[in-house]
Enquirer: 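Structure provided below as structure tokens; questions to follow.
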There are 2 protein chains.
Amino acid sequence: MPFGRRGTGKPTINDVARLSGVSKKTVSRVINRSPLLNDETRRRVLEVISDLGYVPNPQARALALRTNFLIGLIHDNPNAQMVLNVQQGILEALQGTDFEMIVRPVDRGSAAMLDDVRHFLERQRLYGVILLPPISENDALARLCDEVGCRYVRMGSAELDDPDHMVASNDREAVRGATAYLIEQGHRSIGLIAGPHGFRSATERRQGFEDALAEAKIKLPRSLIAEGNYTFASGLAAAEKLLDLSPRPTAIFASNDEMGAAVVHAARQRGIDVPEQLSVIGFDDTPISAHIWPPLTTVRWPIVSMARSAALKLLVSVGGAEAEADVSEPSMFLSTLVKRASVTPPKT
Amino acid sequence: MPFGRRGTGKPTINDVARLSGVSKKTVSRVINRSPLLNDETRRRVLEVISDLGYVPNPQARALALRTNFLIGLIHDNPNAQMVLNVQQGILEALQGTDFEMIVRPVDRGSAAMLDDVRHFLERQRLYGVILLPPISENDALARLCDEVGCRYVRMGSAELDDPDHMVASNDREAVRGATAYLIEQGHRSIGLIAGPHGFRSATERRQGFEDALAEAKIKLPRSLIAEGNYTFASGLAAAEKLLDLSPRPTAIFASNDEMGAAVVHAARQRGIDVPEQLSVIGFDDTPISAHIWPPLTTVRWPIVSMARSAALKLLVSVGGAEAEADVSEPSMFLSTLVKRASVTPPKT
DNA sequence: TTGTAGGCGTTATCAA
DNA sequence: TTGATAACGCCTACAA
């Protein structure tokens with residue numbers, strides 16, 4: 001009779017202990033890979049565990065350890081595709097571990113946001129959380145995680161924190177390169193659709209854009225800068241503003257693909273051919289950039305890898321610990337330019 | 001001194017019991033809204049709870065109740081936008097409850113899939129799960145949920161289960177309507193890009209398409225049917241096949257927006273104007289349908305509402321129970337045609 | 001290297 | 001209507 005009570009339940013640590021003739025604690029040590037354990041004992045216990053198909057109960061562990069085996073994803077819905085890519089990366093990292101992913105959208109803007117998150121973290125006792133931009137840029141949020149004793153990793157477009165708590169891309173440099181490419185092609189009048197005020201990514205990308213123009217000694221009239229909020233609709237409005245200019249810019253850099261797609265859309269709407277009469281570059285390399293016509297030149301943001309890395313940073317020190325200490329996860333990722341049909345030299 | 005031990009911890013049920021001069025069990029009754037409770041006692045306990053800011057510990061509850069306060073989303077990544085919309089719907093339903101959402105992608109195709117899911121459900125002891133298509137169409141999976149005692153709701157394109165375990169849309173009828181619209185416009189040679197073999201949604205949509213043609217007594221040569229797997233790339237290949245036909249169809253119905261966008265893309269690539277020379281209809285009303293040029297006529301699938309409803313079905317009977325018994329969630333949702341610029345009467 | 005006793009914070013049983 | 005006591009399944013101290 002392998003099980004303690006009713007046949008309904010799955011085997012517990014007690015069953016394992018009894019059948020292998022050791023104490024619960026010893027079984028616990030095996031489960032948690034305690035170093036001080038007789039090899040023979042360990043082997044015997046592992047055998048019983050395998051025979052029984054025993055799996056430790058996560059709820060009980062959570063209660064005893066005061067921490068759940070869950071990784072949280074906290075975000076403020078920056079962009080659908082991005083959230084999904086991040087989830088994919090996290091799940092790849094969690095694959096094969098005991099961890100699961102729990103998703104928690106929050107409302108930046110809401111005054112109660114910090115309290116909500118604190119409440120959430122204190123209640124759920126997550127093992128760690130991953131913070132997505134733009135909310136990851138909020139320092140108070142990071143401090144909050146520290147306060148409640150929850151590991152965290154922030155994702156962002158620039159160095160936001162120390163390497164253990166951050167995974168970033170080099171947006172500024174990437175956009176500088178993309179803009180330089182437009183200049184190389186011969187463009188001199190280049191419009192910018194900036195991201196929303198207050199977003200670090202928006203600032204970084206804008207600075208990269210300005211860096212490139214400054215290097216080429218091209219001056220940038222304010223009229224060539226329009227602001228969007230990373231949505232298609234806002235990109236449309238910004239694009240219309242730029243396309244109404246006279247003379248019209250021969251190229252536009254949009255701070256993300258949604259807005260880049262909107263530029264193409266707006267151009268077509270008023271009979272402006274892309275790329276013959278207007279070159280366009282986006283940012284993110286989301287599916288839409290490859291699916292519209294013409295396919296959009298864009299900056300590939302290695303978001304899936306970043307998310308995977310962020311999750312791995314959280315998990316380091318889980319099983320046995322020191323082994324992976326020196327194989328530390330990178331905290332800086334490079335974005336690269338993806339050249340597609342939406343850019344050509346200007347025709348004038 | 002409100003707390004039992006170290007100041008580090010949050011108040012527990014013991015603190016509440018002591019301060020309100022009742023037993024733990026009574027406090028527990030208050031928390032769980034037990035009906036047999038003296039009003040005065042309840043009031044006093046609630047007051048202490050509120051004063052202390054006491055919140056029950058979910059880990060302890062999970063252990064004692066043998067069920068977590070988590071709703072799982074199990075999917076096989078049918079489509080990025082869809083997964084995200086579903087998450088949004090679920091989270092809307094969970095808003096303000098004690099429940100959180102946990103996301104679990106699985107690998108249909110993998111022989112170990114069912115075992116994986118069983119393992120997952122048995123370990124995590126979820127309160128309930130929501131199954132997304134196409135994996136929701138797998139009856140063995142539904143039976144599995146029953147076996148391990150986990151509530152479930154399946155989402156799909158047709159009635160897959162009894163109303164308590166299902167939320168469905170009427171794809172067949174919706175596609176019949178969309179196709180009839182093409183016929184009304186004068187189209188007689190209409191191509192179909194079907195969904196992948198073995199998907200219920202693919203079958204339903206195809207049948208709706210055939211229903212409309214049959215009603216109008218238009219016969220459908222096999223050459224006008226191409227099959228894709230709901231991805232942009234597969235849509236491209238299917239579109240090329242149809243556009244190479246001679247005579248070329250004057251309209252194409254694609255079984256989802258990704259493939260519809262691919263039709264537009266392929267047409268542009270070979271200089272075929274949409275909608276002047278080719279009308280296109282998609283399905284889903286995902287963002288891309290509105291963002292490409294021309295905007296795609298499509299079928300709006302109320303996926304967010306469906307997901308919200310699915311989650312609510314799971315939660316029914318949680319707090320107090322009977323109250324909401326008659327306000328039962330709908331299990332059938334209607335899709336509607338969204339007319340945009342990608343359809344015009346044929347020019348010949 | 002291993003075991004014993006007790007705790008984690010809640011709910012269930014059953015008697016009062 | 002309420003309370004004492006024992007689960008739930010695991011882990012930490014401390015002792016051996």
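Letters A, B, ... are given to chains in the order of the sequence lines, protein chains preceding strands, and every chain is numbered from 1.
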Enquirer: Tell me: CG of A/Asn38 to C1' of C/dG3, nearest whole Å?
Expert: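 It works out to 15 Å between those atoms.
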Enquirer: Could you tell me which residues satisfy side chain to side chain contact (heavy atoms under 4.5 Å, CB included) with B/Leu160, sequence neighbours excluded, listed by chain and number?
Expert: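 Partners of B/Leu160 under the side chain to side chain contact (heavy atoms under 4.5 Å, CB included) test: B/Ser136, B/Glu137, B/Arg154, B/Arg200.
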Enquirer: Figure out the CZ/P separation between B/Phe69 and C/dG9, and round it to whole Å.
Expert: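 The answer, rounded to whole Å, is 17 Å.
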Enquirer: Is any side-chain N or O of B/Thr41 closer than 4.0 Å to OP1 or OP2 of D/dT2?
Expert: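 Result: yes.
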Enquirer: How many whole angstroms separate atom CG of A/Leu52 from atom C1' of D/dG9?
Expert: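 Value for this atom pair: 15 Å.
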Enquirer: Does a salt bridge link A/Arg118 with A/Glu147, judged by any charged N lying under 4.0 Å from a carboxylate O?
Expert: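 Answer for the salt bridge query: yes.
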Enquirer: Reading DNA chain D from 5' onward, which residue's closest nucleotide shows up sooner: B/Leu37 or B/Arg125?
Expert: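 The residue mapped nearer the 5' terminus is B/Leu37.
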Enquirer: How many whole angstroms separate atom CZ of A/Arg18 from atom P of D/dG9?
Expert: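 Computing the A/Arg18:CZ to D/dG9:P distance gives 13 Å.
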Enquirer: State whether B/Arg143 and B/Asp146 are salt-bridged, where the test is any N-O pair (Lys NZ or Arg NE/NH1/NH2 against Asp/Glu carboxylate O) under 4.0 Å.
Expert: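 No.
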Enquirer: Contact class for B/Leu63 vs. all strands (heavy atom < 4.0 Å): base, sugar-phosphate, or nothing?
Expert: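 The residue B/Leu63 makes base contact.
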Enquirer: Below 4.0 angstrom, N of the basic side chain to O of the carboxylate: do A/Glu47 and A/Arg44 qualify?
Expert: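 A salt bridge is absent here (no side-chain N lies under 4.0 Å from a carboxylate O).
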Enquirer: Using atom types as modelled and distance alone, determine if a side-chain donor or acceptor of B/Asn32 lies under 3.5 Å from a backbone N or O of B/Ser34.
Expert: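 It does not hold such a pair.
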Enquirer: Determine yes or no for a side-chain-to-main-chain donor-acceptor pair under 3.5 angstrom, with A/Asn57 supplying the side chain and A/Gln59 the backbone.
Expert: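 Side chain of A/Asn57 to backbone of A/Gln59: a pair is present.
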Enquirer: In the 5'-to-3' direction, what one-character label does each nucleotide of nucleotides 10-16 of chain C receive under the scheme B = base within less than 4.0 Å of a protein heavy atom, S = sugar-phosphate only, - = no such atom?
Expert: BBB----
Enquirer: Can you check the B/Arg123 CZ to D/dG9 C1' distance for me, whole Å?
Expert: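 Whole-Å distance recorded here is 13 Å.
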Enquirer: Is any side-chain N or O of A/Thr26 closer than 4.0 Å to OP1 or OP2 of C/dG3?
Expert: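 Result: yes.
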Enquirer: Roughly how many Å is it from CZ in B/Arg42 to C1' in D/dT2, rounded to a whole number?
Expert: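 Roughly 13 Å, once rounded to whole Å.
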